[in-house]
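Some notes on the structure that comes next.
Every chain is numbered from 1, with letters handed out A, B, ... down the list of sequences.
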Amino acid sequence: MSFPRKTHWTKDVIPELDGKEVVLAGWVWDIRDLGNIKFILLRDREGTIQLTIKKGAVSDSVWSLIQSLGREDAIVVKGVVKASKVAKAGVEVFPSEIHVVAKSKALPIDIWGSVETDLDTRLRYRSVDLKRPINSLIFRVESEVVHAIRDTLYGQGFIEVFTPKIIVTSTEGGAELFAVQYFERVAYLAQSPQLYKEELTASLERIFEIAPAYRAEKHNTNYHLNEFISVDIEEAFANYTDVMAVLEDVIVNVYDRVNKMFGNELARYGIEIKIPRKPFRKITYDEALDILGRRGLKVNWGDDVPKNGMEILSEEFGEPFFIIHFPTDLRAFYTKPLDSDPKISESFDLVMGGLEIASGSSRIHIKEQLIEALRKRGLNPESFESHLMVYDYGMPPHAGWGMGLYRLLMVLLKRDNIREVVLYPRDRFRLEP
RNA sequence: GCCCCGGUGGUAUAGCCCGGUCUAGUAUGGCGGCCUGUCGAGCCGCAGACCCGGGUUCAAAUCCCGCCGGGGCGCCA
């Protein structure tokens with residue numbers, strides 16, 4: 001099978017190329033057959049373009065090949081661009097060669113948008129579902145979001161690291177872990193890079209990681225997954241307010257970049273990107289409880305803010321906003337208490353879309369205090385020996401946060417199910433595809 | 001774990017409450033045909049479904065139980 005190399009994306013075929021020869025490649029999106037004139041909509045990752053084929057104006061071999069063409073056949077097309085008043089896009093391509101490089105059967109789901117398919121069914125045929133233009137857009141945006149996060153963090157002196165995802169024990173208690181067989185031993189999938197990234201501040205100072213995290217929780221919601229991408233940063237010689245500022249920069253840059261690159265395309269799907277302004281509002285946990293109390297939702301001091309509480313606060317303040325100064329006991333053991341009031345911690349959650357998008361804190365950097373914090377939570381310091389060791393050799397004060405990439409995307413793209421923004425989601429009942 | 005809802009052609013649904021009228025309707029997709037400017041193309045024709053198991057009944061897509069799934073909440077650095 002020989003065919004010429006693709007020279008243009010469909011979106012790059014513009015009226016100004018009139019008369020130029022191009023090679024396009026992609027899939028047959030639609031065929032409108034009027035007998036002696038046929039229109040083929042060719043789709044690739046970036047969009048669609050109309051191919052126009054008139055009987056008599058093309059070779060007999062191209063004409064006969066068209067007869068057997070079906071939707072989603074993969075084709076490579078060489079042809080001449082024509083600016084056009086008739087074609088709605090203002091441009092079309094008259095093919096001189098068409099290579100059918102793969103045939104397609106009838107699709108198991110509708111990707112054209114005339115019939116909405118259930119998410120569950122779409123995920124079962126996910127690789128077919130991903131052909132839908134909205135999905136192509138979602139994942140191009142996702143790539144750009146990660147790009148913007150990296151740019152922001154590199155720009156502030158962070159370097160990207162990779163920590164083990166197969167670990168020996170729970171990093172911090174809390175969430176359930178998946179057990180895996182590691183030769184003769186049992187190991188676990190990491191729920192977070194937390195301890196490693198803290199350790200790395202003692203050498204690499206400012207680090208970040210974008211990597212999967214695993215939670216063996218049997219939750220069944222539209223915003224939880226058992227495998228997700230966590231964006232984690234940790235910064236030496238910094239506290240929680242410093243890293244909140246980093247987080248604000250990351251969020252604003254992400255929104256700004258997505259708006260610049262995809263704003264128009266997203267608007268066609270009714271998705272509006274509102275760039276948040278810095279600094280984000282910060283309310284304390286105590287203030288949050290007061291407000292919720294006034295709005296008729298009683299939350300006991302020391303309990304987490306429930307989901308409907310987040311939503312009430314979102315209404316009250318607009319988004320995004322931080323909740324800061326959570327009760328120390330509510331947070332993980334490494335969270336640093338306020339010097340002025342140890343019941344309260346130097347901690348924060350970032351709330352967007354009524355969801356906890358990120359959470360972080362200043363960390364305890366003094367070994368004795370950390371051991372004390374472990375004990376208070378009923379954890380055995382001996383099982384944290386390799387972690388505690390680093391605190392003997394000049395552990396700097398440090399702070400950091402973790403952000404759920406998919407939650408950010410879900411809010412950014414206004415999807416109501418997190419699975420929409422994940423290529424192959426892993427949830428309680430879905431292990432394939 | 002709790003609550004709610006649902007399983008009908010490839011997909012999405014109507015019918016179910018009130019059993020017989022269902023030879024199961026519609027849309028979209030598929031297949032075949034017609035048309036030289038379609039762009040949600042149009043027109044004609046064809047094929048295609050009651051999740052499974054049990055129960056009630058003269059009779060079950062329809063009622064009951066199981067099974068399976070979805071949604072919401074909770075749990076969750």
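Nucleotide B:G40 has no partner under the Watson-Crick or G-U criteria, as no pair reaches both atom distances under 3.5 Å.
For B:G72, the OP1/OP2 oxygens have a side-chain nitrogen or oxygen of A:N222 closer than 4.0 Å. The phosphate of B:G70 has OP1 or OP2 within less than 4.0 Å of a side-chain N or O from A:R430. An OP1 or OP2 oxygen of B:A12 is reached within less than 4.0 angstrom by a side-chain nitrogen or oxygen of A:T121.
Taking atom CG of A:D110 as the reference point, atom C1' of B:U13 lies 13 Å away to the nearest angstrom. Taking atom CG on A:L189 and atom C1' on B:A77, their separation rounds to 16 Å, with Å as the unit. As rounded to whole Å, 12 Å separates atom C1' of B:C76 from atom CE of A:M310. Between A:Y223 atom OH and B:G74 atom P there is a gap of 5 Å when expressed in whole angstrom units. Between the CD1 atom of A:I53 and the P atom of B:C39 there is a distance of 16 Å, given to the nearest Å.
Rounded to whole Å, the separation between the C1' atoms of B:G53 and B:C68 comes to 12 Å. The P atoms of B:G15 and B:G25 are separated by 15 Å, rounded to the nearest whole Å. For B:C3 and B:G9, the C1' atoms lie 33 Å apart once the distance is rounded to whole Å. Taking the P atom of each, B:U8 and B:C50 are spaced 10 Å apart, rounded to whole Å. B:C52 and B:A61: their C1' atoms are spaced 14 Å apart (whole Å). The P atoms of B:G48 and B:U62 are separated by 23 Å, rounded to the nearest whole Å. Only the C1' atoms considered, B:U57 is 9 Å distant from B:G19, to the nearest whole Å. Taking the C1' atoms as reference points, B:C44 lies 40 Å from B:A59, given to the whole Å.
In this structure, of B:A77, B:G30, B:U11, it is B:G30 that holds the atom nearest to the side chain of A:A106. Comparing atom distances between the A:D120 side chain and each of B:G69, B:G30, B:A12 picks out B:G69 as nearest. With B:U28, B:A77, B:C76 as the choices, the nucleotide that has an atom nearest any side-chain atom of A:V115 turns out to be B:U28. Relative to the side chain of A:K307, the nucleotides B:A77, B:A12, B:C73 differ in distance, and B:C73 lies closest. Looking at the side chain of A:N417, the nearest of the listed nucleotides B:G30, B:U11, B:G71 is B:G71.
For A:R124 and A:E311, each mapped to the nucleotide of RNA chain B holding its nearest heavy atom, the one lying further toward the 5' end belongs to A:R124. Between A:R419 and A:T221, it is A:R419 whose nearest contact on RNA chain B lies nearer the 5' terminus.
You won't find any donor-acceptor pair under 3.5 Å spanning the side chain of A:R331 and the base of B:A77, going by distance alone.
With respect to A:D44 and A:K6, a salt bridge is recorded, a charged nitrogen being found less than 4.0 Å from a carboxylate O. Taking the charged nitrogens against the carboxylate oxygens, A:E92 and A:K82 have no contact shorter than 4.0 Å, which rules out a salt bridge. A salt bridge links A:R32 with A:D30; the closest basic N to acidic carboxylate O contact falls under 4.0 Å. Ion pairing between a basic and an acidic side chain is recognised when a charged N comes within 4.0 Å of a carboxylate O; A:E72 and A:K103 show no such pairing. At a threshold of 4.0 Å, the pair A:E315-A:R295 counts as salt-bridged, since one of the basic side-chain nitrogens sits closer than that to a carboxylate oxygen.
Between A:S230 and A:M403 the shortest side-chain heavy-atom distance does not fall below 4.5 Å.
A:T284 places no side-chain N or O within donor-acceptor distance of the main-chain N or O of A:I324, the cut-off being under 3.5 Å.
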For nucleotides 31-38 of chain B, give me one character per nucleotide, 5' to 3': B if any protein heavy atom sits under 4.0 Å from the base, S if the only such contacts are to the sugar-phosphate, - if neither. ----BBBB
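Among the heavy atoms of the strands lying under 4.0 Å from A:D30 are primed sugar atoms or P, OP1, OP2 only; no base atom is included.
Sorted by first and then second residue, the ring pair (Phe, Tyr, Trp, His ring centres under 6.0 Å) pairs with a member in residues 340-378 of chain A read A:F322-A:F348; sequence neighbours excluded.
Crowding of A:K376 atom NZ: a count of heavy atoms from other residues, nucleotides or ligands under 6.0 Å not exceeding 12.
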